[in-house]
Amino acid sequence: MTGTSVLNQTHLLLPAKEPIQSPEFHLSLKEQECLSLLKRCKSVRELKQIHVQILKIGLLGDSFCAGNLVATCALSDWGSMDYACSIFRHVKEPQTFLFNTMMRGHVKDGNWGQALILYFDMLKSGVEPDNFTYPVLLKACARLSATEEGMQIHGHTSKLGLQGDLFVQNSLINMYGKCGKIELACAVFDQMDQKSVASWGAIIAAHASLGMWWECLVLFGDMNREGCWRAEESTLVSVLSACTHLRVFDMGRCTHGSLLRNFSGFNVIVETSLIDMYVKCGCLEKGLCLFHNMAKRNQLSFSVIISGLAMHGHGRKALEVFSKMLEEGLLPDDVVYVGVLSACSHAGLVDEGLQCFNRMKFEHGIQPTVQHYGCLVDLLGRAGWVRAAFELIESMPIRPNDVIWRSLLSACRIHGDMELGEIAARNLMQSNSRNPGDYVVLSNMYAKAQKWDDFARVRTEMVSKGLVQTPGFSMVEVQRKVFKFVSHDMSHPQCDGVNEMIHQMEWQLRFDGYVPDTSQVLLDVDEEEKRERLKYHSQKLAIAFALIHTSQGSPVRIVRNLRMCSDCHTYTKFISVIYGREITVRDRNQFHHFKDGTCSCRDYW
DNA sequence: ATAGGGTTAG
């Protein structure tokens, strides 16, 4: 159709089908022509011709025609908001539909503020908004986190009697969620007579964005219970994220199942969240498998797999994946570098870590944050460069936080540096973190050095501050139930069997050359007593329980609150080979995979 | 007669 005006093509002037004549609305023939033309319009150039034609037949003042002209221009893929604005400016008496359309256009282009301004213009010129006005407008408020305007607009919807409109309610939930006003979002949600899938999606997303993971899962349960089981993909991603943060593997796997059943072909976001879930819940293999089968990977996909490999002690592999990421032309950000540096620190790759740190600053222009310094302090400290770690803390341009002092303290404990350990501990005790673990570590250092006076002084100080030593516990999943074992606590209902098993295991292990390592039992008691204490560490109770209640050869997964002692580490290596089990243990920040008598951390942790 | 809610992950 080059060169000829669309309006010359007579077939375009015919309406597509017989117009429906309703008693309320009667379209003149000209209006019908106009509408039919606009429906076929495919470019701005054609639109301009139609615009001229409308001017010629004197319909510009007609709100209906102007509205549709603007709608076509503002909302189609090829449209231009600039042109829509110029048409809009020439309409003498714009009406609701025209304002709504203009607002939609602005929102579509990401000009959230413009949409708000237009709304207030609309009110000023006395045009009454309707139920179509608010969802668009509230989306703009949500994107701007404009709480005040959002609340004001909420008021307007009530005044107009729109509080019962499902779309308006869902938009309100979303708006309050994005503004961080969770109680207001819940208030709207709770008052709804009918909830749609999107209502549940909006309230779940609102909780997810605030990190209220537990509430997310509860709401998801409520949603299913109320017969609303067809959750949207995005909602399942929020649920998956909650599972990851709470490390509830079972629920995570179920969510993966729902995704498989209800959606075909996952997008990058779904796949990345799945990988993160599997990796953080201990299934590195599954995460890697998903990662390798991804059709498309982005910065975040690499980010989760790198920090996952780090968490599981595969430092070299993490660095390999990092190089691959760079090869694929993806730029790392600060989070990726946290993963890379922690990979180096978990694997003891000191030179590589320092190299990466410089690369981050000079090649990729990323300002190191306190987290990056934290990784570096950890890297140096664990590797035995305690003094260098301390000097780094003193020279860094950011104020060190508790995490940094704690990692120095931990390094001092491992390498027996009392002087720096005391400095680190003093900094921790002066801050208001009130972490009993810090007192315990320092006092244990004194115990190890046989300084029993200092030991007593620190313990007394801890008690006088009202702090209680956190008891060590291990949790194990058996037949979809979680069982918790506390060190030396034999009050568990299944403990009879466990006690027997503990003895049986000990005999087996001794027979194969296991020697209890009592060096970490910091009590002023004899060797025999120390060995007795070691026997009932929570991890051993949990392993015994799992060996009794799971079938031969099935993997054992344990989660614990504190770092394991070196004896439990050795012990578990023996168990993995003697009982032919793969045992995964997660402590606060990393995983140990015991298999065939070795651990994935290669004894560096 | 035309039009409306969600892009979720590290």
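Only heavy atoms go into these numbers, but all of them, side chains included; no hydrogens, no water, no symmetry mates. Convention: sequence-line order gives letters A, B, ...; per-chain numbering from 1.
- Using a 4.0 Å heavy-atom distance criterion, A/V197 is classed as making no nucleic acid contact.
- With A/F357 as the fixed residue, the ring pair (Phe, Tyr, Trp, His ring centres under 6.0 Å) test singles out one of A/Y373, A/F362, A/Y337: A/Y373.
- No contact: A/D334 has no heavy atom under 4.0 Å from any strand.
- Rounded to whole Å, the distance from CG on A/L236 to C1' on B/dT7 is 14 Å.
- The A/N131 side chain lies nearest to B/dG4 when the options are B/dA3, B/dG6, B/dG4.
- The nucleotide whose nearest atom lies closest to any side-chain atom of A/H245 is, among B/dG10, B/dT8, B/dG4, B/dG10.
- Residue A/S241 is classed as a sugar-phosphate contact, given heavy-atom separations below 4.0 Å to backbone atoms only.
- The side chain of A/L300 approaches B/dA9 more closely than any other nucleotide in the set B/dG6, B/dA3, B/dA9.
- Computed from coordinates, the A/R143 CZ to B/dT7 P distance equals 7 Å when rounded to whole Å.
- Protein atom OH of A/Y119 is 22 Å distant from nucleotide atom P of B/dA3, rounded to whole Å.
- In the set B/dG6, B/dT8, B/dG4, the nucleotide with an atom closest to the side chain of A/N174 is B/dG6.
- The aromatic ring of A/F132 sits over the base of B/dA3, with ring centres less than 5.5 Å apart and planes inclined by under 30°.
- Looking at A/N68, its side chain has no donor and acceptor atom pair within 3.5 Å of the base of B/dA1.
- We find that CD of A/E233 is positioned 12 Å from P of B/dT8, with the value rounded to whole Å.
- Between A/P135 and A/V168, the closest heavy-atom pair is CD-CG2, 4.2 Å.
- Among the nucleotides B/dG4, B/dG6, B/dG10, the one closest to any side-chain atom of A/K139 is B/dG6.
- Applying the ring-ring contact (aromatic ring centres under 6.0 Å, His included) test to pairs two or more places apart or on separate chains, those with a residue in residues 186-218 of chain A are A/F189-A/W200, A/W213-A/H245.
- Counting non-hydrogen atoms under 4.0 angstrom, A/S196 reaches a base of the nucleic acid.
- The side chain of A/E232 approaches B/dG6 more closely than any other nucleotide in the set B/dG10, B/dA9, B/dG6.
- The residue A/T244 sits apart from the nucleic acid: no heavy atom pair falls under 4.0 Å.
- A donor-acceptor contact under 3.5 angstrom links the side-chain atoms of A/D333 to the base of B/dG10.
- Nucleic acid contact for A/S273: sugar-phosphate only, since backbone atoms but no base atoms lie under 4.0 Å from a heavy atom of the residue.
- A donor-acceptor pair under 3.5 Å is absent between the side-chain atoms of A/N111 and the main chain of A/Q114, judged by distance alone.
- The distance between atom CG of A/L69 and atom C1' of B/dA3, rounded to the nearest whole Å, is 16 Å.
- Within the 4.0 angstrom heavy-atom criterion, no nucleotide atom of any strand lies near A/K39.
- If you check B/dG10, B/dT8, B/dG4 against the side chain of A/F167, the one that comes closest is B/dG4.
- Looking at heavy-atom distances under 4.0 Å, A/A198 makes contact with a base.
- Just one of A/F120, A/F132, A/F88 meets the ring pair (Phe, Tyr, Trp, His ring centres under 6.0 Å) condition when paired with A/F99; it is A/F88.
- Among B/dG4, B/dG6, B/dA9, the nucleotide with an atom closest to any side-chain atom of A/K178 is B/dG6.
- Whole-Å rounding puts the A/L75 CG to B/dA1 P distance at 20 Å.
- Heavy atoms of A/V335 sit under 4.0 angstrom from at least one base atom.
- Contact annotation for A/S171: backbone-only contact, meaning every heavy-atom pair under 4.0 Å involves sugar-phosphate atoms and none involves a base.
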Just distance, no hydrogens or angles: give the donor-acceptor pairs under 3.5 Å from side chains in residues 317-332 of chain A, sequence neighbours left out.
| unit_1 | atom_1 | unit_2 | atom_2 | d |
| --- | --- | --- | --- | --- |
| A/S323 | OG | A/L319 | O | 2.9 |

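- A/S273 and A/D276 share no side-chain donor-acceptor pair at under 3.5 Å.
- For the pair A/L98 CG and B/dT2 C1', the computed distance is 11 Å after rounding to whole Å.
- Residue A/F97 places its side chain closer to B/dA3 than to any other of B/dA9, B/dA3, B/dG4.
- Using a 4.0 Å heavy-atom cutoff across all strands shown, A/N100 reaches at least one base atom of the nucleic acid.
- What separates CG of A/L274 from C1' of B/dT8 is a distance of 12 Å, to the nearest Å.
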